[in-house]
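Start at 1 and go down the list; that is how both ligands and their atoms are numbered. Worth knowing before you read on, the calculation uses all heavy atoms, side chains too, and leaves out hydrogens, waters and symmetry mates. We number each residue from 1, following the sequence as shown.
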Amino acid sequence: MSVSSPGAGRYAPSPSGDLHFGNLRTAVLAWLFARRSGRRFLLRVEDIDTQRSSAESAGRQIEDLTLLGLDFDGEVWVQQDRYPAYAAAVDELRARGLVYECYCSRREIREASGAPHVLPGCYPGTCRDLDDVTRERRRAALAADNRVPALRLRSGVGEWTVRDFYAGEYTGEVDDLVLRRGGQCPDWAYNLAVTVDDAAQGVDQVVRGRDLLSSAPRQAYLAHLLGYPEVGYVHVPLVLGPEGKRLAKRDGAVTLRQMLEHESIEQIRGRIADSVGMPGVSDMAELLGRFDPDRLPTGDVVWREEPRRE
Ligand code: GLU
C-alpha cells in the first residue's frame, strides 16, 4: 500500500451487550497493531444478528471504547446499512453458479454433520445437488411456514490456507458456508458480511480473538472468489473465565461498567497493559510507544476478579 493510501485495521464488535475485559483487551490490541503500523483504525458495528443486536448496545460499546482511550478514523459503519452490498456480492456469486438454496433445519444439519464421513461443524452438502422439482417442493413447504431457504456457497475447495501473525500458515476447512440465513428471520451471515465489509473499507489487517481463527480460511476463500485483496490476520490469545472457557458475562463483574464500580479507568488500562506484556503502563500513548507484538504473551489470559495490587 502506498503512503497516501494507508491500509486499515478495525474492531468489529457485535452489539449484543456491554464489552467485557476480554473484548476490551482485543480492541486495545487491534488499535495497537493498526496504529503502530500507521494504519487507519475503524470501528464497525456488526449487528446482522437482528434478534440479539441493539443500537443502544452499540452506543454503549462506543462510549466504553472511547473512555478506554481508543480513537477511530472515519465514520462508524453499521452492518444493517450494508444489506444492498451483501445482496450484490451474493448476486455476483449466483451469476457464476456459486450459490444454492438450502432447506435443511438446524436439526437436520446437526444430525447429518455428525455422520462419520463428515468433518465436525461442516455442512455435508445435503441440498447441493437437488433437482428443480425437489427444490420447488421444499421451498413451498418452507413458505407455508413463513420461512425462506438459506443461501449457501457452492464451495470449490475443502480447505484453504491463510497466514496469521502468530499462528503462521493455518489451513482450515471450507464447507458450503451460509451466505444468508434461512427461516423466518433471513439475516445475512457473518462470514459474508465481514468479508464484504473488510474489502469495502480497505481493511488489510484483521486483529481479533483466537476463537475466530477457524473462520479465517472461509473468509479468505470468499474474498478470493470475489476478487478482493488478501488481508493479514492477527488472531490474539483469549481471556478465559474461571472454567477455562472464553470469558463471558456470566463469569462475574467482567464488563467495563462493572469493573468501574470498584476500580479506576487507569487501573483497568493497567490490567490490560499487564496482560499484553507491559506491566506498569496505564497511559495509551505510552502503551502504543512501547508495544512490541513479539512480546505479547502467547498463552491465553485467565480473568482475575480482583485487580492486582502491586
Ligand atoms: N463481530 C464479531 C464478534 O463480535 C467479530 C468479527 C471479526 O472480528 O471478524 O465476535
Side-chain angles (χ1 to χ4, degrees), residues 7-34 39-55 57-62 64-65 70 72 76-82 85-86 89 160 162-167 170 172 174 177-179 181 187-223 226 228-241 245-249 254-256 300:
R10 48 51 160 202
Y11 183 58
S14 303
S16 56
D18 287 343
L19 297 171
H20 63 56
F21 184 76
N23 305 133
L24 299 170
R25 179 179 188 268
T26 302
V28 168
L29 282 169
W31 180 85
L32 289 169
F33 266 93
R39 286 180 167 81
R40 291 177 298 133
F41 187 56
L42 312 177
L43 181 71
R44 187 167 70 225
V45 175
E46 298 214 321
D47 57 353
I48 41 168
D49 184 343
T50 51
Q51 305 289 299
R52 298 184 55 216
S53 303
S54 77
S57 171
R60 287 167 68 95
Q61 292 184 341
I62 294 169
D64 289 355
L65 293 166
L70 304 189
F72 299 94
V76 175
W77 281 32
V78 177
Q79 289 193 320
Q80 286 191 26
D81 296 339
R82 300 274 305 145
Y86 308 148
W160 197 254
V162 296
R163 268 213 71 74
D164 181 85
F165 185 85
Y166 290 111
Y170 173 82
V174 177
L177 51 106
V178 172
L179 300 170
R181 303 200 169 286
D187 288 335
W188 294 101
Y190 159 65
N191 284 316
L192 175 77
V194 104
T195 305
V196 170
D197 285 347
D198 280 342
Q201 292 191 282
V203 168
D204 63 350
Q205 179 189 65
V206 170
V207 180
R208 58 188 179 191
R210 196 140 73 180
D211 54 331
L212 291 172
L213 178 60
S214 62
S215 304
R218 289 179 171 88
Q219 292 164 15
Y221 176 60
L222 205 47
L226 288 163
Y228 300 158
E230 278 180 34
V231 303
Y233 291 104
V234 185
H235 288 90
V236 297
L238 296 177
V239 177
L240 304 181
K245 295 208 190 101
R246 187 178 193 262
L247 187 69
K249 267 169 246 134
V254 295
T255 69
L256 182 69
D300 290 327

Relative to each other, are the rings of Phe41 and Phe72 parallel, tilted or perpendicular (30° and 60° limits)? parallel
Step through it carefully: locate the ring centre of Phe33, locate the ring centre of Phe165, and say whether they are under 6.0 Å apart. yes
Which residues pass the side chain to side chain donor-acceptor pair (under 3.5 Å) test with Arg39, sequence neighbours left out? Ser37, Asp204
Ignoring hydrogens and angles, state whether a donor on the side chain of Gln79 or Asp47 is under 3.5 Å from an acceptor on the partner side chain. no
When rounded to the nearest 0.5 Å, the distance separating CG of Leu247 from CG of Asp300 is 11.5 Å
Give the protein residues with at least one non-hydrogen atom closer than 4.0 Å to an atom of ligand 1, ordered by chain and number. Arg10, Ala12, Pro13, Ser14, Glu46, Tyr190, Val194, Arg208, Leu212
Counting only heavy atoms from other residues, nucleotides and ligands, does the tally under 6.0 Å from NZ of Lys249 exceed 12? yes
